[in-house]
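Below you'll find the structure, written out as structure tokens, and then a few comments.
The residues of the chain are indexed from 1 along the displayed sequence. Predicted model, so just to flag it, every value in this text is computed and none were measured.
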Amino acid sequence: MAQTVALYSVKGGVGKTAAAVNLAALSAAAGRRVLVWDLDPQSAASWYLQSEAGAERSVKKLLKPKGLAASVRPTIHNHLWVLPALPGQQAIEHHLADKKDAGYRLAKLIDPLAEQFEEIWIDAPPGLSLLADNVLRAADMVLVPMVPTHLSERTWFQLKRHLDERHIHPERLRAFLSLVDRRRRMHREFAERHRHDIPELLSSEIPYASIVEQMGEDQQPSVYREPRHPANQAYRALWDEIDDLFA
């Protein structure tokens, strides 16, 4: 049975997609059959993996039984597949709302894929929405990138309140610091200040690094391009920490 990990944040611009692609790539490099599901309308994960969808698939078809399996595409990387973002994917909320099982639809659709893959990594769009609720219910782990600022702290507790209000209780809810600039005092002290009120915060930190930004130019996971770079070593440390939680 596949393990499903969702990279999710209430706000955008936190390094969510880069983390989803790099962590999934590390699992694939370990020899696991891995699927990246790009649910973000910006389709950056699809772009990074050189597998943007054509117009032959639609969101309406995607939400039907066997719709996901028909949309899966191989990547150029061993053991790594992608379910690319589709044209018009921003309309997925509308199509979900029409379903009787609107809040649980994605979880049901993932079940058949769990037999084909060992891990499914979901790059979820930011925001609190019906789609977000679907993702939060479907995932075995919800992984939240946090830039070490007051705004990220605020959105973390906003997410916790939302989960309580919707009676959504992920088996594993974890956060990690992203885009960390150790030259900034707030960034250096954030984890120490919030270790008690955010016990879900993992110890690994992903630094701000140009090599991660260059993924858009190279169209490949940065952990494959230069694995010894400090930022990619940080992804490796985060991947190890997550892997230990599933052990």
Does the pair Phe157 and Asp197 meet the rule for a side chain to side chain contact (heavy atoms under 4.5 Å, CB included), with working shown? CA-CA 10 Å; Phe157 290 109; Asp197 57 343; 3.9 Å; yes
Can you sort out the partners of Glu189 under salt bridge (charged side-chain N to carboxylate O under 4.0 Å, His left out), two or more places apart, ordered by chain and number? Arg185, Arg193
What closest approach, in Å, do Ile211 and Ala231 show between heavy atoms, and which atom pair accounts for it? CG2-CB, 4.2 Å
I'd like to know whether CD of Glu118 has more than 12 heavy-atom contacts from other residues, nucleotides or ligands below 6.0 angstrom. yes
Check whether Leu238 and Leu177 end up in the same hydrophobic cluster, where Ile, Leu, Val, Met, Phe, Trp and Tyr are linked by side-chain heavy atoms less than 4.5 Å apart. no
Less than 4.5 Å apart, any side-chain heavy atom of Asn22 and any of Ile206? no
How many angstroms lie between CD in Gln42 and OG1 in Thr17, if you round to the nearest 0.5 Å? 7.0 Å
Could you go through the side chain to side chain contact (heavy atoms under 4.5 Å, CB included) check for Lys160 and Glu200 one step at a time? CA-CA 11 Å; Lys160 294 292 290 290; Glu200 300 91 346; 2.9 Å; yes
What about Tyr48 and Leu179, same hydrophobic cluster or not, with Ile/Leu/Val/Met/Phe/Trp/Tyr joined at side-chain heavy-atom distances under 4.5 Å? no
For Ala19 and Phe176, the nearest pair of non-hydrogen atoms, with its separation, is CB-CZ, 3.8 Å
Specify the closest pair of heavy atoms between Gly12 and Pro126, including all atoms of both residues, with the distance to one decimal. N-CB, 3.8 Å
Measure the shortest side-chain to side-chain distance between Leu131 and Leu106 over non-hydrogen atoms and say whether it is less than 4.5 angstrom. yes
Same apolar cluster: Leu130 and Ile122, side chain cutoff 4.5 Å: yes
From CG (Asp164) to NE2 (His162), nearest 0.5 Å: 10.5 Å
Answer yes or no: is there a side-chain heavy-atom contact under 4.5 Å between Leu80 and Arg33? no
Of the non-hydrogen atoms in Asp123 and Ala45, which two are nearest, and what is the gap between them? OD2-CB, 3.9 Å
So do Val21 and Trp121 actually touch side chain to side chain, heavy atoms under 4.5 Å? no
What are the two closest non-hydrogen atoms of Ala69 and Leu113, and how far apart are they? CA-CD2, 4.0 Å
Arg32: which of Gln3, His79, Glu119 passes side-chain hydrogen bond (donor to acceptor under 3.5 Å, both in side chains): Glu119
Group every Ile, Leu, Val, Met, Phe, Trp and Tyr by side-chain heavy-atom contacts under 4.5 Å, then state whether Tyr235 and Tyr208 land in the same group. no
If I take atom CZ from residue Arg137 and atom CG from residue Leu163, how far apart are they, to the nearest 0.5 angstrom? 9.5 Å
First locate atom OG of Ser71, then atom CG of Leu83, and finally report the distance between them rounded to the nearest 0.5 Å. 5.5 Å
Side-chain donor or acceptor of Gln219 paired with backbone N/O of Leu49 under 3.5 Å: no
Has Thr155 got a side-chain atom pairing as donor or acceptor with Gln158's backbone, closer than 3.5 angstrom? no
Could you report the tightest heavy-atom contact between Trp81 and Pro74, atom names first, then the distance? CD1-CA, 3.5 Å
Looking at Arg225, I want to see if its CZ is surrounded by more than 12 non-hydrogen atoms of other residues, nucleotides or ligands under 6.0 Å. yes
How far does CZ of Arg172 sit from CZ of Phe246, to the nearest 0.5 angstrom? 5.0 Å
Kindly indicate whether the side chain of Leu23, heavy atoms from C-beta on, has any atom under 4.5 Å from the side chain of Val5. no
Whether Ser178 side chain and Val14 backbone form a donor-acceptor pair below 3.5 Å: yes
Does Leu26 offer a backbone N or O that forms a donor-acceptor pair with the side chain of Tyr224 under 3.5 Å? no
Common cluster, Val10/Ile198, ILVMFWY with side-chain heavy-atom separation under 4.5 Å: yes
Enumerate, atom names and distances included, each donor-acceptor pair closer than 3.5 Å involving a side-chain atom of residues 138-149, sequence neighbours excluded.
| from | atom 1 | to | atom 2 | distance (Å) |
| --- | --- | --- | --- | --- |
| Asp140 | OD2 | Thr4 | N | 2.8 |
| Thr149 | OG1 | Ser152 | N | 3.4 |

Side-chain contact, heavy-atom cut-off 4.5 Å: Ile110 with Trp37? yes
Can you check whether Asp38 reaches Asp40 side chain to side chain, under 4.5 Å on heavy atoms? yes
When you look at NE2 of His150, are more than 12 heavy atoms from neighbouring residues, nucleotides or ligands closer to it than 6.0 Å? no
Pair Arg182-Glu205, salt bridge (charged side-chain N to carboxylate O under 4.0 Å, His left out): steps then yes or no: CA-CA 10 Å; Arg182 306 264 332 155; Glu205 301 179 359; 3.2 Å; yes
Side-chain (Glu241) to main-chain (Ser203) donor-acceptor, under 3.5 angstrom: yes
Any non-hydrogen side-chain atom of His194 less than 4.5 Å from a side-chain atom of Trp156? no
